[in-house]
Amino acid sequence: MATVYLDFEKPIEELRDQIVQTNNIGTNSEVDVSATTKKLEKKLQDTTKKIYTNLTPWQRVQVSRHPERPYTLDYIENLCGNDFVELHGDRNVADDKAMVGGLGMLDGRSVMIIGQQKGKNTKMRKHRNFGMPNPEGYRKALRLMKMAEKFNKPIITLIDTPGAYPGLEAEERGQGEAIARNLREMMTLKVPVICIVIGEGASGGALGIGIGDKVLMLENTWYSVISPESCSSILWRSWDYKQQAADALKLTANDMKKNKLVDGIIKEPLGGAHANPKETFSSVKASILEHLAELDKLNPQTRIENRIDKFCSMGVVKNK
Amino acid sequence: MGWFKRTEKGITTPTKEKKETPDGLWYKTPGGQIIETEELVKNSYVSPTDGFHTRIGSNEYFDLIFDEGSYEELFASMKSGDPLGFQDTKKYTDRLKASQEKTGLNDACRIGAGKTTSHELVVACMDFAFIGGSMGSVVGEKIALGIQAAIDRNCPFMMISKSGGARMMEAGFSLMQMAKTAAKLILLSEKGLPYISYITDPTTGGVTASFAMLGDINIAEPGALIGFAGPRVIKETIGRDLPEGFQTSEFVLEHGFLDYIVDRRELKSNLDLILRLFKS
């Protein structure tokens with residue numbers, strides 16, 4: 001159960017508090033509170049449903065960044081259990097802590113799982129560089145993808161980044177080149193590639209591991225060319241228009257699917273992925289297995305052609 | 001009627017004839033040099049005294065690269081839609097219209113196909129004057145079609161990048177143009193046709209992180225700003241001043257991401273050399 005509440009979740013927090021208090025009265029006195037509790041729980045359910053079925057784009061952005069939302073390694077731990085070996089390093093410069101990956105067993109089948117990793121507390125957030133990879137992160141990801149291709153293992157990427165790191169060393173080591181290379185190389189990987197946005201999908205930093213046969217988004221995530229805050233600061237010249245920017249960017253899973261920029265949406269439990277991580281893991285697992293079964297039926301050449309055709313058909317122009 | 005009175009209203013110069021030259025008789029470079037505009041034009045828009053490369057548009061590049069009268073523009077009429085109904089302080093459609101009127105261009109990229117020193121070549125060239133050379137669906141689609149035109153003509157493809165990055169007003173669509181152009185380049189590569197990426201001032205963001213860095217040969221104009229993140233963002237992130245020469249062509253060359261830097265005045269002869277070396 002969540003312990004951190006977003007501003008629009010206040011009614012949920014209040015009801016949860018009321019339930020706790022009511023239960024305390026029940027245990028500390030002779031009063032029968034079961035009817036009240038039941039009523040409150042029903043109300044909690046309804047309130048949560050009401051809030052979560054009408055989330056604005058900006059609220060979804062907030063849910064996607066919820067500090068208790070599961071991160072890549074949480075998925076890996078739950079999907080693969082002990083049968084996972086994390087592989088480190090780009091064999092060139094360093095091991096990027098903001099990008100993790102390795103071989104894991106998923107439902108009896110070995111897969112390569114790669115994703116950006118955020119930290120859970122201040123110290124770890126810094127350690128993980130807030131999920132913002134350096135070029136060596138993208139190069140590590142590519143190294144692991146090539147290895148997966150060599151050993152014929154499908155690739156699952158989990159996308160959760162506020163962007164590629166805009167740092168001095170990142171520029172020296174070619175952030176742009178690292179991402180560009182991944183875009184090109186991922187297009188022609190012979191094995192099935194499934195990409196899932198599990199949190200934030202910010203721009204080239206997300207796309208750098210986002211070229212797949214199937215690109216999916218969890219229900220409360222966002223994927224766009226820029227964050228609403230930066231968009232606000234550039235186009236409105238103020239940080240105060242992030243809500244308008246979030247609306248304008250059409251960055252939600254529904255909008256991205258409607259515009260045919262992603263292939264599918266994975267439902268989240270009521271109250272968001274963080275409200276019930278177990279259920280989230282099992283939906284993600286089911287979705288991966290379903291899509292893998294479908295992709296397995298195609299030969300590598302067809303998969304690559306479909307992948308290239310899909311990305312080549314994206315965009316809307318006039319007077320073609 | 002005064003001799004200076006306009007007889008026809010509006011802009012009547014066709015795009016092809018529009019020159020993105022510095023206004024006025026004199027031109028002052030950022031280095032403080034003052035030169036005659038006419039002299040600048042004759043010198044490929046490079047300041048003859050300090051070698052400063054002024055920003056020019058697709059029309060000027062096409063004139064510099066293609067043999068006289070040898071090129072045709074492809075897909076010229078393509079314009080941006082407004083797939084998201086985007087509006088910030090202005091409507092995207094109004095921004096487009098204003099830019100089109102101001103620049104005489106339809107969008108931020110033009111495709112020229114023709115001959116350079118008798119070699120067949122398709123060139124896609126970005127126009128920074130059009131919404132900062134930003135890449136939306138039109139830029140992505142034109143580059144993709146330009147690459148296809150090179151494949152169809154069985155000739156090399158050259159990209160001249162000059163862009164602030166992705167076009168925010170097309171959000172997800174503009175992001176995916178990075179993927180699209182990278183995908184299309186694979187098809188060129190499979191045909192064994194060379195891709196020359198010429199990077200000019202400035203080239204940042206999603207353009208650097210896609211086709212600009214994917215050339216068989218990556219070359220740049222001297223002194224150009226080339227990077228993924230913009231210098232202001234980096235400065236804010238790291239909280240200190242950036243070293244001198246950071247993110248210039250020379251810096252990018254030194255760090256191994258460019259093959260070489262070529263002065264715009266030598267671009268055509270250099271292209272001839274590379275194309276001969278690839279061909280024979």
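Here is how names work: the chains are called A, B, and so on, in the same order as the sequence lines, proteins then strands, and each is numbered from 1.
Residue with the most contacts toward chain B among T188(A), L207(A), V262(A), D309(A): L207(A) (heavy-atom pairs, distance under 4.5 Å). When the candidates A144(B), S189(B), G172(B) are compared by the number of heavy-atom contacts under 4.5 Å with chain A, G172(B) comes out ahead. Options A171(B), G140(B), G136(B) differ in how many heavy-atom pairs under 4.5 Å they form with chain A, and the most are formed by A171(B). Across M186(A), M187(A), K310(A), the residue that shares the most heavy-atom pairs under 4.5 angstrom with chain B is M187(A). Taking chain A as the reference chain and counting heavy-atom pairs below 4.5 Å, the highest number among L214(B), T237(B), T208(B) is found for L214(B). Top candidate by heavy-atom pairs under 4.5 Å with chain A, chosen from K184(B), Q177(B), R240(B), E236(B), is Q177(B). Of the residues considered (G208(A), S232(A), S224(A), A206(A)), S224(A) shows the highest number of contacts with chain B, using heavy-atom pairs under 4.5 Å. Contact tally against chain B (heavy-atom pairs below 4.5 Å) for Y165(A), Y223(A), F311(A): the top residue is F311(A). Interface check for chain A: of the options R167(B), M213(B), K142(B), K235(B), the most heavy-atom pairs under 4.5 Å are formed by M213(B).
Judged by distance alone, the side chain of S137(B) and the main-chain N or O of G315(A) form no donor-acceptor pair under 3.5 Å.
The contact between A179(B) and chain A is made by backbone and side chain atoms together, counting heavy-atom distances below 4.5 Å. Residue contact with chain A, scored on non-hydrogen atoms closer than 4.5 Å, involves the side chain of F251(B) exclusively. For Q247(B), the part lying under 4.5 angstrom from a heavy atom of chain A is the side chain only. The part of S80(B) that comes within reach of chain A is its backbone (N, CA, C, O), which places non-hydrogen atoms under 4.5 angstrom from that chain. If you measure heavy-atom distances from F257(B) to chain A, the contacts under 4.5 Å come from the side chain alone. Contact of L84(B) with chain A is made through backbone and side chain together, with heavy-atom distances under 4.5 Å. With a threshold of 4.5 angstrom between heavy atoms, F246(B) approaches chain A through side-chain atoms but not through N, CA, C or O. For chain B, no part of L251(A) is nearby; none of its heavy atoms comes within less than 4.5 Å. Both the backbone and the side chain of L261(A) come within contact range of chain B, with heavy atoms under 4.5 Å apart. Residue L185(B): no heavy atom, backbone or side chain, is found under 4.5 Å from chain A.
In this structure W239(A) satisfies the ring pair (Phe, Tyr, Trp, His ring centres under 6.0 Å) test with no other residue, sequence neighbours excluded.
The shortest distance between side-chain heavy atoms of D88(B) and Y241(A) does not fall below 4.5 Å. Side-chain atoms of V225(A) and F173(B), non-hydrogen and from C-beta on, never get closer than 4.5 Å to each other.
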Could you give me the CA-CA distance, side-chain angles and deciding distance for K79(B) and V317(A), then say whether side chain to side chain contact (heavy atoms under 4.5 Å, CB included) is met? CA-CA 6 Å; K79(B) 285 186 180 175; V317(A) 300; over 6 Å; no

Given the rule in the side chain to side chain contact (heavy atoms under 4.5 Å, CB included) test, do L183(A) and S210(B) qualify, once you have shown the distances and angles that lead to the verdict? CA-CA 7 Å; L183(A) 304 185; S210(B) 58; 4.1 Å; yes

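Note that the NZ atom of K318(A) and the CG atom of L96(B) stand 8.0 Å from one another [nearest 0.5 Å]. Taking OG from S313(A) and CD from E141(B), the interatomic distance works out to 9.5 Å, rounded to the nearest 0.5 Å. With rounding to the nearest 0.5 angstrom, the CD1 atom of I226(B) is 13.0 Å from the CD atom of E177(A). Interatomic distance, L235(A) CG to M169(B) CE, rounded to the nearest 0.5 Å: 5.5 Å. Interatomic distance, I234(B) CD1 to L168(A) CG, rounded to the nearest 0.5 Å: 7.0 Å.
In terms of heavy atoms, I238(B) sits closest to G167(A) at CG2-CA, 4.3 Å. Nearest heavy atom pair, residue M256(A) against residue M176(B), reads CE-CE, 4.4 Å. Contact detail for F228(B) and A164(A): the closest heavy-atom pair is CE2-CB, 3.6 Å. When all heavy atoms of P166(A) and V233(B) are compared, the pair lying nearest together is CB-CG1, 3.9 Å. F86(B) approaches C231(A) most closely through the heavy-atom pair CZ-SG, 4.3 Å. Closest heavy-atom contact between C312(A) and A183(B): SG-CB, 3.9 Å.
Summarising the local packing, CZ of R237(A) is surrounded by 12 or fewer heavy atoms from other residues, nucleotides or ligands at distances under 6.0 Å. Within a 6.0 Å radius of CD in E254(B), other residues, nucleotides and ligands contribute 12 heavy atoms or fewer. Counting heavy-atom neighbours within 6.0 Å of R60(A) CZ, excluding the residue itself, gives a total above 12. Residue-environment remark: NZ (K242(A)) stays at or below the threshold of 12 foreign heavy atoms within 6.0 Å.
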